[in-house]
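What follows is a single structure, written as structure tokens, with notes after it.
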Amino acid sequence: MSSLGSLINVIIMGLAIITVGGFCYVEYGIGKIRNTREERHKKNRTTEFTKGGIVRTPDAVTWEETLDEKEEFNGILVKYSVFSQFIPIFPLLGILGTVAGLIQQMDAGIDQMRDALGTSMWTTFWGLIAAIFLKLVDAIIVSKSINKMDNYFETFEQNYQMVRDKMEQENEKN
């Protein structure tokens with residue numbers, strides 16, 4: 001295999017490892033936000049035993065605490081968007097290897113043509129494998145976590161707005 005083809009394969013593997021690491025970082029950050037939120041909810045929730053049964057206070061979550069979590073989540077989304085943009089690069093690197101192999105064939109003998117064709121096929125193969133694998137990881141794991149967290153913040157904001165609107169209406173009546 002040519003040195004250019006070998007270099008492209010090393011770049012594909014290195015970039016794939018970096019992308020997987022980035023996705024792990026994103027998952028870790030989302031898990032950290034989720035754990036912080038759950039701990040805060042447990043701390044703010046009380047349970048009282050009365051004659052009528054068990055009474056639990058609703059979660060006392062402030063807008064400021066949730067806003068801090070939302071800002072942290074937005075920072076994670078920026079990093080996620082960078083790493084997810086790497087995925088389309090892999091097939092392009094594979095095509096680059098194919099072109100490099102085909103260019104080598106122009107001035108080559110039979111044995112060199114076989115090596116050049118091998119370079120073409122292997123770089124394309126590894127580029128496609130990396131893209132498919134990372135797209136699956138993104139779709140099955142990372143995007144799912146991001147969507148859940150995004151839905152949480154959206155629901156919280158809607159509920160907070162409804163409570164605020166209701167309080168404003170009650171204040172206007174008084």
Side-chain angles (χ1 to χ4, degrees), residues 1-45 58-103 118-166:
M1 193 179 328
S2 75
S3 61
L4 182 57
S6 297
L7 177 64
I8 292 171
N9 283 337
V10 168
I11 291 170
I12 288 171
M13 295 305 158
L15 194 57
I17 291 168
I18 289 169
T19 305
V20 167
F23 284 166
C24 289
Y25 175 80
V26 168
E27 275 295 308
Y28 171 77
I30 290 172
K32 187 174 139 190
I33 293 171
R34 190 179 308 118
N35 289 339
T36 301
R37 186 187 71 220
E38 288 172 3
E39 287 298 316
R40 190 181 68 229
H41 283 245
K42 286 179 187 176
K43 183 179 78 176
N44 292 336
R45 182 180 295 167
D59 293 338
V61 180
T62 66
W63 175 253
E64 290 79 19
E65 290 171 330
T66 303
L67 197 57
D68 289 342
E69 289 175 356
K70 177 72 173 165
E71 286 178 23
E72 188 176 347
F73 178 67
N74 287 339
I76 290 170
L77 282 180
V78 169
K79 291 171 181 73
Y80 165 73
S81 67
V82 169
F83 290 114
S84 66
Q85 292 303 313
F86 288 166
I87 294 172
I89 293 172
F90 293 104
L92 296 173
L93 286 171
I95 292 169
L96 179 63
T98 300
V99 170
L102 294 174
I103 289 171
T119 299
S120 299
M121 296 299 112
W122 280 111
T123 56
T124 303
F125 174 79
W126 287 119
L128 291 172
I129 291 297
I132 291 167
F133 171 74
L134 290 168
K135 192 61 182 168
L136 286 172
V137 168
D138 182 25
I140 294 170
I141 300 170
V142 183
S143 292
K144 202 182 257 188
S145 295
I146 287 173
N147 288 338
K148 283 182 182 178
M149 192 58 97
D150 200 34
N151 286 338
Y152 166 78
F153 287 121
E154 188 174 315
T155 302
F156 182 87
E157 289 173 18
Q158 290 172 353
N159 291 339
Y160 188 82
Q161 185 65 38
M162 285 180 1
V163 168
R164 200 167 80 190
D165 291 346
K166 185 176 180 181

How close do [X] and [Y] get, heavy atom to heavy atom, and via which atoms?
{"X": "L15", "Y": "L93", "answer": "CD2-CD1, 4.3 Å"}
{"X": "I12", "Y": "A130", "answer": "CG2-CB, 4.1 Å"}
{"X": "L92", "Y": "P88", "answer": "CG-O, 3.5 Å"}

Close side-chain approach of [X] to [Y], heavy-atom, < 4.5 Å:
{"X": "K32", "Y": "E27", "answer": "no"}
{"X": "E72", "Y": "D68", "answer": "no"}
{"X": "F73", "Y": "I146", "answer": "yes"}
{"X": "I18", "Y": "F86", "answer": "yes"}
{"X": "I33", "Y": "I76", "answer": "yes"}

Angle between ring planes, W122 versus W126, binned at 30° and 60°: parallel, tilted or perpendicular?
parallel
Distance check, rounded to the nearest 0.5 Å: [X] atom [atom1] versus [Y] atom [atom2]?
{"X": "S84", "Y": "L77", "atom1": "OG", "atom2": "CG", "value": "10.0 Å"}
{"X": "E157", "Y": "Y152", "atom1": "CD", "atom2": "OH", "value": "10.0 Å"}
{"X": "L96", "Y": "I89", "atom1": "CG", "atom2": "CD1", "value": "12.0 Å"}
{"X": "I30", "Y": "D150", "atom1": "CD1", "atom2": "CG", "value": "9.5 Å"}
{"X": "F156", "Y": "E69", "atom1": "CZ", "atom2": "CD", "value": "8.5 Å"}
{"X": "F90", "Y": "M13", "atom1": "CZ", "atom2": "CE", "value": "9.0 Å"}

Using the rule given for side-chain contact (heavy atoms from CB on, under 4.5 Å), can you reason through Y25 versus Y80, listing the C-alpha separation, both sets of side-chain angles and the distance that settles it, and then say yes or no?
CA-CA 9 Å; Y25 175 80; Y80 165 73; over 6 Å; no
Check against side-chain contact (heavy atoms from CB on, under 4.5 Å), E154 and K70
CA-CA 10 Å; E154 188 174 315; K70 177 72 173 165; over 6 Å; no
Using the side chain to side chain donor-acceptor pair (under 3.5 Å) rule, take D165 and Q161 through it: C-alpha gap first, then chi angles, then the decisive distance, then the call.
CA-CA 6 Å; D165 291 346; Q161 185 65 38; 2.8 Å; yes
Count the heavy atoms of every other residue, nucleotide or ligand shown that sit under 6.0 Å from CZ of F133, and state whether that count exceeds 12.
no
Please check: side-chain N/O of T124 versus main-chain N/O of G94, any donor-acceptor pairing under 3.5 Å?
yes
Check whether S143 reaches the backbone of D138 with its side chain - one donor and one acceptor, N or O, closer than 3.5 Å.
yes
